[in-house]
J.: 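Shown below is the structure under consideration.
In listed order, ligands and their atoms are each counted from 1.
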Amino acid sequence: MQTIRSITKMPKVSRQLAARGKTIALVPTMGYLHEGHAALIKRAKKSADVVIVSIFVNPKQFGPKEDYKKYPRDEKKDMARIKKAGGDIVFIPKAIDIYPDNFQTYVTVEKLSKTLEGKSRPQHFRGVTTVVAKLFNITRPDVAVFGAKDFQQAIVLKQMTKDLGYPIKFVIAPTVREKDGLAMSSRNRYFTAEQRHQACCLYYALGTAREMVKSGIKDVRALKSEMRAVIKATSPKAKIDYIAFTEFDSLKPVSKASKSTICSLAVRLHNVRLIDNMRF
Ligand code: PAF
């Protein structure tokens, strides 16, 4: 496995690979990898000859009061995990190279970035789309793989890929969960054992909604009300940021759940903001 830190070497390596007829898949990450990332790398391996995994904790996607400084980092463990999952190249750029002095150009996906997560985190998606556009330019992938856990991020990035005409196949891979249903996330490490159990409230609420939809209850108001009750029962201290039922691709709100609906929610628990989603 090769490690590349230089933003000038990376495109050269990608060009050489392309010249040799190799296809490239990119898995962008912010490091502190877990089994969810390993699944993305394995998925990438299936769709291209060479897998590049980027590690970059992107300052531009954190709000001023968010956890950029304390976001967990462990490069050594990440390397071992990437190697085990089948990654070929680890790209670890420096912040000063991605955002040189006087940096002032951003990529914004206008509408899709404004709803759901965008309401609570106003500059978040602008940071995500800007860094991913840069990563696409530097690594020149044929395929890019993102996780469904951050589903709005995936929808926003898919739109960016289409709008900017990147010749990149866009793959959204399923969420990987712990045995008790908690969606894997680097931020889960912030919890104590007791808090960690309460974090399952998102999954329980989604599971309840799924069962209700299966049994024929499709009215979104009724579904939301039951989800709120489940969250309160599992985790009385949890603060619900939003529960939303929207169309999958357009993110437009719906009043009745159907096959093209996705339910997503964000909950703040012991100072950690958790998100999750489910399609029915
Ligand atoms: O999902 C993430 O880890 C990040 O938002 C991404 C896509 C790597 C951009 O920084």
J.: Between Phe56 and Phe91, does the ring centre distance come in under 6.0 Å?
T.: no

J.: Under 3.5 Å, side chain of Thr130 to main-chain N/O of Val107, donor-acceptor pair present?
T.: yes

J.: Any protein N or O within less than 3.5 Å of an N or O in ligand 1? List each pair with its distance, or say none.
T.:
| unit_1 | atom_1 | unit_2 | atom_2 | d |
| --- | --- | --- | --- | --- |
| ligand 1 | 1 (O) | Gln153 | NE2 | 2.8 |
| ligand 1 | 5 (O) | Gln61 | NE2 | 2.9 |
| ligand 1 | 5 (O) | Gln153 | OE1 | 2.7 |
| ligand 1 | 10 (O) | Gln61 | OE1 | 2.6 |

J.: According to side-chain contact (heavy atoms from CB on, under 4.5 Å), who are the partners of Lys60, at least two apart in sequence or on a separate chain?
T.: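 Scan of Lys60 (side-chain contact (heavy atoms from CB on, under 4.5 Å), adjacent residues dropped) gives Asn58, Tyr99, Phe103, Tyr106.
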
J.: Using a side-chain heavy atom cutoff under 4.5 Å and only I, L, V, M, F, W and Y, what cluster partners does Val176 have?
T.: Met184

J.: Spell out, as yes or no, whether a donor-acceptor pair under 3.5 Å connects the side chain of Asn277 to the backbone of Lys149.
T.: yes

J.: Going by salt bridge (charged side-chain N to carboxylate O under 4.0 Å, His left out), name the residues that satisfy it together with Arg196, two or more places apart in sequence or in a different chain.
T.: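 Testing Arg196 for salt bridge (charged side-chain N to carboxylate O under 4.0 Å, His left out), a comparison that skips the adjacent residues, returns Asp180.
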
